[in-house]
Amino acid sequence: MHQTYISDIAAREGETVEIRGWLYNLRSGGKLKFLQVRDGTGMIQGVLSKKEVSEEVWTAAQELTQECSIIVQGQVNKDERAPSGFELWLKDLIIVGSADEYPITKKEHGDAFLLDHRHLWIRSRRQHAILRIRHQVIKAMRDFFDDLGFINLDAPIFTPNASEGTSTLFETDYFGDKAYLSQSGQLYMEPGCAAFGKVYCFGPTFRAEKSKTRKHLTEFWMLEPEVAYMDLRGCMELGEDMLCFIIRRVLERCKSELNTLDRDISKLECIQKPFPRIHYKEACEILVDKGIDFTPGDDFGTPDEEALVEGYDKPLLIHHFPAAIKAFYMKCEANDPETSLSVDFIAPEGFGEIIGGSQREDNLDILKQKIKSHDLPSEAFEWYLDVRRYGTFPHSGFGLGLERTIAWICGIRHIRETIPYPRLMHRLKP
RNA sequence: UCCUCGGUAGCUCAAUUGGUAGAGCGGGUGGCUGUUAACCACUAGGCUGGGGGUUCAAGUCCCUCCCGAGGAGCCA
């Protein structure tokens, strides 16, 4: 018999089908057993009645354990008592592979235990919902840019030097030379947009900072678009449009997953243009007015960010940060070299910064000067400076942290659940 | 690196002023024809993170080390 996927089962009412999957849970009576079977596409309740099956099948059913792999055949019936509204009247059952003492039981577990068993944890309902949403977010991001005529131009992971000089990098041996795992693809996108106009890269990035918070991973995925002839205003609009597109797509395609996560959907439905925008100086005034201990000119810490987004139900755009606290490649106001053409997107509900972007410095001499004043090795940036030597042009882009965006959309506290295999300061396994 | 909290059965957690180490889940055995994290009965399961100390007596108090968590800094 052909395999049927549980996601298609509603259309097969009355038919006898074969499901190949795993036993999620078993509730057993003396002559009646209820099998919760999952196959990756969904979950269905199988009903096994002693007097309706052969002795071999009933004997085999005595060996069922949580997460053993099984192939079952049965008739699809509508029944209000079944968790999904449909159930399978089982006629045949084969145990493909046994599973002794599956570690993840029906009661709660601690974070460390679940992360140690991440390879099994991803079988569970909640993790399934999160990772399905991750899949749709990634697809939505790509569709958004592809539909606008962008080219996906991925950046290398091995890089010869730091892009911003501030973050700690993972160092590796590269045939006797030092190489570093990429912490941003941005420098490679700038030449890319000179070649193709509109480009983006999407890949893993690595930060060796010893951050131990629910918002940090040492390996995370970043989406970085870069557009020729786009200014800071255009950059803010692009980020806004993209976030709205992603949210709308998730609402269209992942309602049941959001329900599984108990996500308040109204919090996502209100994410529509325009997003609130405030100038850095205005943000400083707000913090001072709120009586928060903050020195104007500094970068915002987590408590500052939370105080600023308080009261907003959409991402907050803070723009025109002081140049001194931002990366060397950011362009400054024409009449104010102290102020950078930069923007941060702060997600509501305490999920923090999800996008950082800017207009890039396009003047060769100013950029050379900035590299020098940031104590960066100028020879390492010669290739990057070529973008300014051969037909310079205004351009802008941003970086979006995928996992923080997913945490926000899903409404989950820990970023580590938003990636299949999280890499944290104290976690390299499994 | 700093601050705070934690480590007891396979897992999640209890254990009163220091006084015999307990429950639920999971495992095993038996029962149950409509279960919804099913239920009922019985059962096995412990170097209380390691080391040192105080005490008649330490899971509990002190010192030290190890491991973990989330917050700061830094960032997405």
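A, B, ... follow the sequence lines: proteins, then strands. Residue 1 opens every chain.
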### Query
Using atom P of each nucleotide, how far apart are B:C67 and B:G30 to the nearest Å?
46 Å
### Message
Students often get this wrong, so: under 4.0 angstrom with heavy atoms, is A:Ser28 touching a base, only sugar-phosphate, or nothing?
### Response
base
### Task
Look at A:Arg81 and B:U35 and indicate whether a side-chain polar atom (N or O) is within less than 4.0 Å of OP1 or OP2.
no
### Message
Students often mix this up, so state it plainly: with edges at 30° and 60°, are the rings of A:Tyr384 and A:Phe328 parallel, tilted or perpendicular?
### Response
perpendicular
### Message
Counting the atoms with a prime plus P, OP1 and OP2 as sugar-phosphate, which does A:His414 contact under 4.0 Å by heavy atoms, base, sugar-phosphate, or nothing?
### Response
sugar-phosphate
### Query
Any chance the rings of A:Trp121 and A:Tyr421 have centres within less than 6.0 Å?
no
### Task
Measure up the A:Phe202 and A:Trp221 rings against each other and bin them: parallel (under 30°), tilted (30 to 60°), perpendicular (over 60°).
tilted
### Message
Students often mix this up, so state it plainly: with edges at 30° and 60°, are the rings of A:Phe300 and A:Phe321 parallel, tilted or perpendicular?
### Response
perpendicular
### Message
Just to be sure I understand the rule, does A:Trp89 reach a base, reach only the sugar-phosphate, or reach nothing, if contact means heavy atoms closer than 4.0 Å?
### Response
base
### Query
Just checking, any donor-acceptor pair under 3.5 angstrom between side chains of A:His395 and A:Glu190?
yes
#### Entry: Residue from A:Arg263, A:Arg413, A:Arg404 passing salt bridge (charged side-chain N to carboxylate O under 4.0 Å, His left out) with A:Glu349
A:Arg263
### Task
Pick base, sugar-phosphate or nothing for A:Gln45, based on heavy-atom distances below 4.0 Å to the nucleic acid.
base
### Message
Once you apply a heavy-atom cut-off of 4.0 Å, does A:Gly352 come out as touching a base, just sugar-phosphate, or nothing?
### Response
nothing
### Query
Please, what dot-bracket string fits RNA chain B when only Watson-Crick and G-U pairs with both distances under 3.5 Å count, crossing ones use [ ] and pairs to another strand use |?
(((((((..((((.....[..)))).(((((.......))))).....(((((..]....))))))))))))....
